[in-house]
Protein chains: 2
Amino acid sequence: MQVSARGEYAVRIAVTLAQGHPRTISASSLAAAQALPRKFAEVILGDLRRAHLVDSVRGVEGGYRLARSPEDVSVGEVLRAVDGPLAEVRGRRPEETSYEGAAVNLPRLWVAARAAVRSVFDEVSLAQAATGEFPLRIDELTAADDAWTPR
Amino acid sequence: MQVSARGEYAVRIAVTLAQGHPRTISASSLAAAQALPRKFAEVILGDLRRAHLVDSVRGVEGGYRLARSPEDVSVGEVLRAVDGPLAEVRGRRPEETSYEGAAVNLPRLWVAARAAVRSVFDEVSLAQAATGEFPLRIDELTAADDAWTPR
DNA sequence: AGCATATCCTATCGATCAAGTAGGATTCAA
DNA sequence: TTGAATCCTACTTGATCGATAGGATATGCT
């Protein structure tokens, strides 16, 4: 589950927009607030706009705002807008995989993995991510002591 | 959660080894059984050997076999051996991330996502993947009707 | 009208990595 | 000694990632 720089930046931007909602915020302000390269932030905001996750206003006093209310936009949507699908196996969707021999059962495993990822990113809204009041499921996942240790 | 070609190939190879355990199988046979490029399969088997997941035997009648019994090797170990850590955010481990402002809570989200991925790949053994008798948790994840539909 | 401040569009760039190939050296059993 | 196998080093090719450059276009204010 690699989250790219684009993905990370996009979520940080989106969460900042959520916190300021419904004010519009300029790309420069967003970039400054999260310490990101301004031009790169513009590119990412373009992606979010084309995915209809944010609206933009041009000109002086212009900027970006969430197209929907922060409780209504999931982190998963933001990630999909800038990187593609949440889960892929060798560039294919999990349910499109198919194997012979000992590997025949792997598609079920890939689908399960995707479902697990969705159960986090699609169940957390930008509002929750901004306030830190996550769903119970998330608290349970992070509660296990080894959740915070690398493997 | 992008599984690379290396990752996919590695799991297919590992599952094939699991099915034949404890016989040793040559790289050519493995490649043929799963329709993979032979040379590339060799590279991957080298990774698995260096991670002590498989043992190798040189010479005629040589080949590869699992270093431990198939019930004792998880899919997660195989994936880590060929791609790196199961979850990374902009090239960093989830618990190493840190943000200012509206994004302060994101590390918990990344850790939760990693925990979710682990709960699939680290809880499924090669034996289970080969037989298709997955843990209950996996069946539950794949049971939801929308688990098999793209988003 | 003119200016400052924005978004927005197109193009480019360097570095890195992924996937796969090539060729041969080495090992081992029969 | 021969054949089949692992193993090692190197290379190629293409794509992608992260980022930057420069300017065209829109908007509000004075």
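The figures that follow rest on heavy atoms only: side chains count, while hydrogens, waters and symmetry mates do not. Note on naming: letters A, B, ... go to the chains in the order of the sequence lines (proteins, then strands), and numbering restarts at 1 for each one.
At a cut-off of 3.5 angstrom, the base of D:dT25 holds at least one donor-acceptor pair with the side chain of A:Arg58. Remark: the A:Glu61 side chain and the D:dC29 base include no donor-acceptor N/O pair separated by less than 3.5 Å. Under 3.5 Å, the side chain of A:Lys39 and the base of D:dG18 form no donor-acceptor pair of N or O atoms.
With respect to B:Arg68 and B:Glu77, a salt bridge is recorded, a charged nitrogen being found less than 4.0 Å from a carboxylate O. Ion pair B:Arg114/B:Glu88 not flagged as a salt bridge, since none of the NZ, NE, NH1 or NH2 atoms sits closer than 4.0 Å to an Asp/Glu carboxylate oxygen.
A close approach under 4.0 Å does occur between a side-chain nitrogen or oxygen of A:Arg49 and OP1 or OP2 of C:dC8. When the side-chain nitrogen and oxygen atoms of B:Ser56 are compared with OP1 and OP2 of D:dC7, one or more of them lie within a distance under 4.0 Å. Side-chain N/O atoms of A:Tyr9 include one lying less than 4.0 angstrom from OP1 or OP2 on D:dA19. Neither OP1 nor OP2 of C:dA18 sits under 4.0 Å from any side-chain N or O of B:Arg6.
Distances were taken from every side-chain heavy atom of A:Pro37 (C-beta onward) to each of D:dA19, D:dT6, C:dC8; the shortest belongs to D:dA19. The nucleotide whose nearest atom lies closest to any side-chain atom of B:Ala27 is, among D:dT6, C:dA4, C:dA6, D:dT6.
With rounding to whole Å, B:Gln2 atom CD is found 13 Å from D:dC17 atom C1'. What separates CZ of A:Arg92 from C1' of C:dA18 is a distance of 15 Å, to the nearest Å. Spacing between atom CG of A:Leu45 and atom P of C:dA6 amounts to 14 Å, rounded to whole angstrom units. Put simply, CZ on A:Phe40 is 19 Å from P on C:dT12, counting in whole angstrom units. Atom OH of A:Tyr64 is separated from atom P of D:dT27 by 14 Å (rounded to the nearest Å). The interatomic distance linking A:Arg23 (CZ) with C:dA6 (C1') rounds to 18 Å, in whole Å. One can place CZ of B:Arg50 at 9 Å from P of D:dC7, the figure rounded to the nearest angstrom. For A:Ile25 and C:dA6, the CD1 to C1' distance is 14 Å, given to the nearest whole Å.
More than 12 heavy atoms of other residues, nucleotides or ligands sit less than 6.0 Å from atom CD of B:Glu96.
A:Ser28 comes within 4.0 angstrom of no nucleic acid atom, judged by non-hydrogen atoms across all strands.
Side-chain N/O atoms of B:Arg137 and B:Ser119 include a donor and acceptor closer than 3.5 Å.
Mapping A:Gly62 and B:Val43 onto DNA chain C via the closest heavy atom, the residue that lands nearer the 5' end is A:Gly62. Looking at which nucleotide of DNA chain D each of A:Ala5 and B:Gly46 is closest to, the 5′-most match is held by B:Gly46.
A:Trp148 places a side-chain N or O within 3.5 Å of a backbone atom of A:Thr142 that can act as its donor or acceptor partner.
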